[in-house]
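First the proteins, then the strands, lettered A, B, ... as listed; each starts at 1. Quick caveat, the model's predicted, so the values are computed rather than measured.
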Amino acid sequence: MSETESRDFIRQIIHDDLESGKHEQIVTRFPPEPNGYLHIGHVMSICLNFGVTAETGGRTYLRFDDTNPGKESPVYVEAIEHDVRWLGFDWEDRLTHASDYFESLYESAVSLVAMGSAYVDSLSADEIREYRGTLTEPGKNSPHRSRSVEENLDLLARMRAGEFADGEHVLRAKIDMSSPNMNLRDPALYRIRHLTHQHTGDDWCIYPMYDFAHTLSDALEHITHSLCTLEFEDHRPLYNWFLDQLKPEHRPRQIEFSRLNLAYAITSKRKLNALVEEGIVEGWNDPRMPTIAGMRRRGYPAAALRHFVTRAGVTKKDKLIEMGVLENCVRENLGVTSQRRMAVLRPLRVVLTNYPEDIVEMVTAMNHPARPELGTRELPFSRELWIEQDDFMEEPPRKFFRLKPGGEVRLRFGYIIRCDDVIKNEAGEVIELRCSYDADTRSGTGSSDRKVKGTIHWVSCAHGVDAEVRLYDRLFTVAKPNTADDFHAVLNADSLQVVEAKLEPSLASMKAGETVQFERLGYFCIDSEEHSGSRPVINRIVTLRDSWARLEQQAMQQG
RNA sequence: UGGGGCGUAGCCAAGUGGUAAGGCAUCGGGUUUUGAUCCCGUGUACCGCAGGUUCGAAUCCUGCCGCCCCAGCCA
């Protein structure tokens, strides 16, 4: 089966549930906590949850899991909504919050207490930890575990009423302190937090814990398949315990899949935050960040991200996906959608000694070699041109078919030129090339069908537009930066290079967010934050595949 | 030394007892005024290891090994 036809194990389950009539319609949810920005790992979950319902005519909720007011903020709520929408998904009227259900959740807690399945504990956090035991030793019961239902009901009501300070009491499920599954050792259900909540304000001073709130929210929304990552597999017995105890009419099934890890990147919210706080990157939307906001600003198309997670697949196996897979998805998408332009990143002046000084010719350039319907544009060609420094070598290795002393090369859409002289500065650096052009070789004229091996790009000096171009590279030097003792030690010092580039004049009118291919260099997009008409700022999204660079690298490695 | 999960080519991943799909990468070759794109070709994967069942096992059984997760009043 090809990647588009394959049915992963979750889609298989869903397919079976539909076919057997267990469910008529699939309902899922994407439940982020609004305590940070979404990253590439979330893209996977978003595409899965919204994808399976889009494919089967189901519904998906965007639900904010906002049960911890100390860490959450409306700025994240807004950013998350923007990111999900940008990725191409629509929750229609199904935008909810776990906090929308606080009253109902509280009633469930009261029920649990009433049936003797939960109790108010007055041990301190430290004591609770001690009583919990360890991975190999069972825990022991809290002395408060045997409180009467009446006392528990009274205490819980007073917790809600605000009679106690933070940490004084906690509501716990009464399950099994000796369970080998730590999640079942009387997990906390509610804690006291005298804090203003980003969505419910000061309505509450007790807040439900994740397991309790999440399970019941799923049930209340009639979620059929609650899809989450592998680390929650141990929580499933607790998830089911809540459902058993409270016997909801709608019983969601939790299914776990493995996270998507990207090589050379980090997806820990804490570490991502550190990168921002320490000024290592410029913000959550720094184009080097693996956040959705960062990738969007970098110029990665949403469709490429969706394609990427499809390629990665849905399984339970730990995966570390190569950066190249993501980059290829981006190239594939941009390759067909982006118009071609010319720009020189590291300019080297070329003077065509036999070209008239006062003439400017207009040459015609295709906007896309495979899509003639995208038309052409006219480029000014004159006596002095910028070419890429890399496109000239004084002492080239074999198979270098760009410019070299005495050698010929074609200027894209222009003429064939020959390098006659190399001008250097006092330091011995090449600062200018004196070349001659062959007037019979103008592109498209057909007056000469001479062939030369190389074609290079160029920009007319008199017409070029100055721009700041930002060249990005991976943020880390190792494939698994998350396993480093200190991620600072594996930061890539060269993750950002800024160059002063020369652009063909047509680029001057581009608007923020627009994407083009600079021929022979890569895909670039106009920065959405810092670009201005008078000062173009451009991001390199990804380079073109470069088999010459690969050869050079191999040659280097072989000495 | 407790519990839960996972182990198919460099990276992903199909496969659910009948003799190993596909994608990406790699390496060849062709086309090409982007060393891009496109096109063609290219991999002996001892299916983690060792036993066993079977005419036949990646698929079933047993034992072992390796990796990941769990001891928040975080999610």
With a 4.0 Å limit, can you tell me whether [X] has a side-chain N or O closer than that to the phosphate oxygens OP1/OP2 of [N]?
X         : N       : value
Thr67(A)  : rA75(B) : yes
Arg132(A) : rG2(B)  : no
Arg236(A) : rG5(B)  : no
Gln554(A) : rC27(B) : yes
Ser547(A) : rA36(B) : yes
Arg331(A) : rA36(B) : no
Arg311(A) : rA13(B) : no
Thr136(A) : rU1(B)  : no
Arg550(A) : rU26(B) : yes
Lys319(A) : rA13(B) : yes

[X] side-chain proximity, nearest of [options]:
X         : options                   : result
His235(A) : rA75(B), rU33(B), rA71(B) : rA75(B)
Glu519(A) : rA13(B), rC27(B), rU34(B) : rU34(B)
Arg410(A) : rU33(B), rA71(B), rA75(B) : rU33(B)
Pro180(A) : rC73(B), rG2(B), rG35(B)  : rG2(B)
Leu230(A) : rG5(B), rG72(B), rC12(B)  : rG5(B)
Leu544(A) : rC73(B), rG3(B), rU34(B)  : rU34(B)
Arg402(A) : rA75(B), rC69(B), rG35(B) : rG35(B)
Lys317(A) : rC11(B), rU8(B), rG35(B)  : rU8(B)
Lys71(A)  : rC12(B), rC73(B), rC74(B) : rC74(B)
Arg129(A) : rG5(B), rA75(B), rG72(B)  : rG72(B)

Do the non-hydrogen side-chain atoms of [X] and [Y] ever get within less than 4.5 Å of each other?
X         : Y         : result
Arg259(A) : Leu230(A) : no
Leu411(A) : Ile456(A) : yes
Tyr210(A) : Asn68(A)  : no

Within the 4.0 Å heavy-atom criterion, would you say [X] contacts the bases, only the backbone, or no part of the nucleic acid?
X         : answer
Met342(A) : nothing
Phe400(A) : base
Gly167(A) : base
Phe232(A) : base
Ser258(A) : nothing
Glu322(A) : base
Ala370(A) : nothing
Phe518(A) : nothing

Between [N] atom [atom2] and [X] atom [atom1], what is the distance in whole Å?
X         : N       : atom1 : atom2 : value
Glu33(A)  : rA75(B) : CD    : C1'   : 5 Å
Glu233(A) : rG4(B)  : CD    : P     : 10 Å
Tyr207(A) : rA75(B) : OH    : P     : 12 Å
Ile128(A) : rA71(B) : CD1   : P     : 15 Å
Asp234(A) : rC69(B) : CG    : P     : 12 Å
Ile192(A) : rC74(B) : CD1   : P     : 12 Å
Glu130(A) : rG72(B) : CD    : P     : 11 Å
Leu334(A) : rU37(B) : CG    : C1'   : 13 Å

Under a 4.0 Å threshold between the charged nitrogen and the carboxylate oxygen, would [Y] count as salt-bridged to [X]?
X         : Y         : value
Arg147(A) : Asp121(A) : no
Glu221(A) : Arg29(A)  : no
Glu256(A) : Arg236(A) : yes

Pairwise [atom1] distance, [M] and [N] [rounded to whole Å]:
N       : M       : atom1 : result
rA14(B) : rC60(B) : P     : 16 Å
rU8(B)  : rU19(B) : C1'   : 15 Å
rG22(B) : rG43(B) : P     : 12 Å
rC40(B) : rC61(B) : C1'   : 46 Å
rU62(B) : rU53(B) : P     : 15 Å
rG23(B) : rU34(B) : C1'   : 26 Å
rU31(B) : rC24(B) : C1'   : 23 Å
rG18(B) : rG51(B) : C1'   : 22 Å

With a sphere of 6.0 Å drawn around [atom1] of [X], does it hold more than 12 non-hydrogen atoms of other residues, nucleotides or ligands?
X         : atom1 : value
Lys480(A) : NZ    : no
Arg160(A) : CZ    : yes
Lys404(A) : NZ    : no

Report task. State whether a side-chain donor-acceptor pair under 3.5 Å links Glu378(A) with Thr364(A). Result -> yes
Report summary line: 5'-most contact on RNA chain B (nearest-nucleotide basis), Glu137(A) vs Val325(A), goes to Glu137(A)
Requested in this report: Could you check Ser122(A) against Leu551(A) and say which one's nearest nucleotide on RNA chain B is further toward the 5' end?
Outcome: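 Going by which nucleotide is closer to the 5' end, it is Leu551(A).
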Report task. Flag as yes if Trp548(A) stacks onto the base of rG35(B) (centroids under 5.5 Å, planes under 30°), otherwise no. Result -> yes
Who is the Watson-Crick or G-U wobble partner of [N], with both distances under 3.5 Å?
N       : result
rG51(B) : rC61(B)
rG10(B) : rC24(B)
rC67(B) : rG5(B)

Report summary line: Syn within 90° of 0, anti beyond: rG72(B) is syn
